[in-house]
Amino acid sequence: MSETVQVMSQVALPHDAKAGPTKAEVRAVTLSKLGLRPSDHFVDVGSCTGAVTIEAARRVARVTALERKPERVEVTEQNLEMNEYDAEVTVRNAEAPEGFPEDADAAFLGGSRNFEAVLDCALESGVDRIVMNVARLEVAGKAVEAFRERGILDEVVQLQVSHGYDLVGATSFDSQNPVYVVVGRRDAEGLT
Ligand SMILES: C[S@@+](CC[C@H](N)C(=O)[O-])C[C@H]1O[C@@H](n2cnc3c(N)ncnc32)[C@H](O)[C@@H]1O
């Protein structure tokens, strides 16, 4: 039983792509901040390996995955085939805001191209929860400002994950680059 639960909760990503995947711990925080609901239509902007698309597809009714690079669209599709999920998933080769659906509820920006236009488009489409992950400091600053200007800045979380490994019988750690998780909600009160 516990073995089945563990396998179901994992994401299989046998096909890889440069720039991905969003790491498991970062996905966990990101999806939790998005507060996904079973009836949601979720949009993954910059699906790359499909890691976020797949996890979201186990939690919501519909997912639209947008990816500007055709070879990464293929990787998203290949990894989707290797996983179980219940949502209706549409994968589009498009550079957002192009291809952004008109009836979305929540969105994740893993890619930062045109992010201000993507935010505007998402808000017009009815999105009320939006999270953007950023690795580069300068882009993170611009993202925070863009969320603030639109009155949706709710939280900024800096994540730094390290994984233990065996070092001559003891445990040492390998650290990953920090990630800024910019959390937006419609009518947010700003940082407190
Ligand atoms: C850091 S990766 C995202 C990783 C992904 N969440 C995963 O788990 O594999 C960023 C991706 O966003 C894509 N991208 C960037 N801006 C985009 C946009 N405006 N529309 C669609 N794709 C975009 C890039 O091509 C790249 O594949």
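Numbers here simply count residues along the sequence, with the first being 1. In listed order, ligands and their atoms are each counted from 1.
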Closest heavy-atom contact between R68 and N93?
O-ND2, 3.1 Å

Give a yes or no on this: more than 12 heavy atoms of other residues, nucleotides or ligands lie within 6.0 Å of atom CD of E71.
yes

When you check the gap from the basic side-chain N to the acidic O, do R129 and D40 get nearer than 4.0 Å?
yes

Extract all N/O-N/O pairs under 3.5 Å that connect ligand 1 to the protein, and present each with both atom names and the distance rounded to 0.1 Å.
residue  : atom   : partner : partner atom : Å
ligand 1 : 6 (N)  : T22     : OG1          : 2.9
ligand 1 : 8 (O)  : T22     : N            : 2.8
ligand 1 : 8 (O)  : T22     : OG1          : 3.3
ligand 1 : 9 (O)  : T49     : N            : 2.9
ligand 1 : 9 (O)  : T49     : OG1          : 2.6
ligand 1 : 16 (N) : R113    : N            : 3.3
ligand 1 : 19 (N) : A96     : O            : 3.1
ligand 1 : 19 (N) : R113    : O            : 3.0
ligand 1 : 20 (N) : A96     : N            : 2.9
ligand 1 : 22 (N) : R68     : N            : 3.2
ligand 1 : 25 (O) : E67     : OE2          : 2.7
ligand 1 : 25 (O) : R72     : NH1          : 3.4
ligand 1 : 27 (O) : E67     : OE1          : 2.8
ligand 1 : 27 (O) : E67     : OE2          : 3.2
ligand 1 : 27 (O) : R72     : NH1          : 2.9

Return all side-chain donor-acceptor pairs below 3.5 angstrom for residues 102-110, not counting sequence neighbours, or 'none' if the list is empty.
residue : atom : partner : partner atom : Å
D103    : OD1  : H41     : ND1          : 2.9
D103    : OD2  : R62     : NH1          : 3.1
D103    : OD2  : R62     : NH2          : 3.0
D105    : OD2  : H41     : N            : 2.7

Pairwise distance CD(E55) to CD(Q10) - rounded to 0.5 angstrom
10.5 Å

Hydrophobic cluster identity match, Y180 and M132, side-chain contacts under 4.5 Å
no

